[in-house]
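Data block below; observations after.
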Amino acid sequence: MTDYIDFAVIGGTGLTALEGLEIIHREVVHTPYGEPSGQITHGRIGEHRIVFLARHGYSHTIPPHQINYRANMWALKSIGVEKVVAIAAVGGITPAMQPQALVIPNQIIDYTYGRKHTYFDEGLEKVTHIDFSKPYCEELRQALLVAGKSLGVIDGATYGATQGPRLETAAEIQRMERDGCNVVGMTAMPEAALARELGLCYASCNVVANWAAGKSEQLITMDEIYANLAQSMGRVRTLLRSLVC
Ligand code: HPA
């Protein structure tokens, strides 16, 4: 056992705690960008050191557009994290992305606005542009795919990141589908880009919580979203356990 942290898990809606994580301690981390969504939970799964952060806060009170993404990613980096697995609920746009599917996305289109989305902002010695052609860390994506093989995880999707907190209109989803989006969520940006700016290896598991707006006869309810997430989180936990074992 070393102090090396194998990876961090950022839990999204439906995953505010990581069952099976033997908690060692909780750490308050302050950053130059303000406070993260909550304390960092240090724990173990078997021999492996994992840290966990609840993106929306441990009581699920921070909406997607209010999350201090810069503080979250900075906090993880500052305690020695190198790899980040982001769990995120999404709506399914294209036919394979049905509720309860687990998806390992490989591309992003950013429709968010007004978020603090970069560390390369002011007081710079030099203007900096990161390469973001492949927004997710391919090595960690492949590890997730191997870990999730028996769980039927889907390899590859374009994640459309919307501003929220409202859900989309049917026309917005049609436009996103024409753009090439397969799933829609509210948190991958700026999270993924900030991870890249910090040199973190970042990949995600999307959990499909509902058909996106206009893709089913029914209106979208929070009850439906929570029910599908509750049904899927067992598989997410299995995925994370096999990633480390
Ligand atoms: N749209 C955006 N974000 C989401 C959705 C959705 O339909 N479902 C879960 N997160």
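Counting convention: from 1, in listed order, for ligands and their atoms alike.
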Counting non-hydrogen protein atoms only, what is the nearest one to [atom]? Give residue, atom name and distance.
{"atom": "atom 5 (C) of ligand 1", "value": "Gly91 N, 3.4 Å"}
{"atom": "atom 3 (N) of ligand 1", "value": "Gly185 CA, 3.4 Å"}
{"atom": "atom 4 (C) of ligand 1", "value": "Val184 O, 3.7 Å"}

Item to complete: Record the part of Leu167 in heavy-atom contact with ligand 1 below 4.0 Å; permitted values are side chain, backbone, both and neither.
Response: side chain

Practice prompt. Report yes if some N/O of Glu168 lies less than 3.5 Å from some N/O of ligand 1; otherwise report no.
Written response: yes

Worksheet item: Are any of the N/O atoms in Asn210 less than 3.5 Å from those in ligand 1?
Response: yes

Quick check: does any side chain N or O of [X] sit under 3.5 Å from a backbone N or O of [Y], one acting as donor and the other as acceptor?
{"X": "Tyr69", "Y": "Pro64", "answer": "yes"}
{"X": "Arg70", "Y": "Gly34", "answer": "no"}
{"X": "Asn68", "Y": "Tyr33", "answer": "yes"}
{"X": "Asn206", "Y": "Val183", "answer": "no"}

Worksheet item: Between His60 and Tyr226, what is the ring plane arrangement, given parallel below 30°, perpendicular above 60°, and tilted in between?
Response: perpendicular

Worksheet item: What pairs of residues pass the disulfide bond (SG atoms under 2.5 Å apart) test when at least one of them lies in residues 82-114, not counting sequence neighbours?
Response: none

Worksheet item: With atoms numbered from 1 as shown, which atoms in ligand 1 lie under 4.0 angstrom from a non-hydrogen atom of Ala89?
Response: 9 (C), 10 (N)

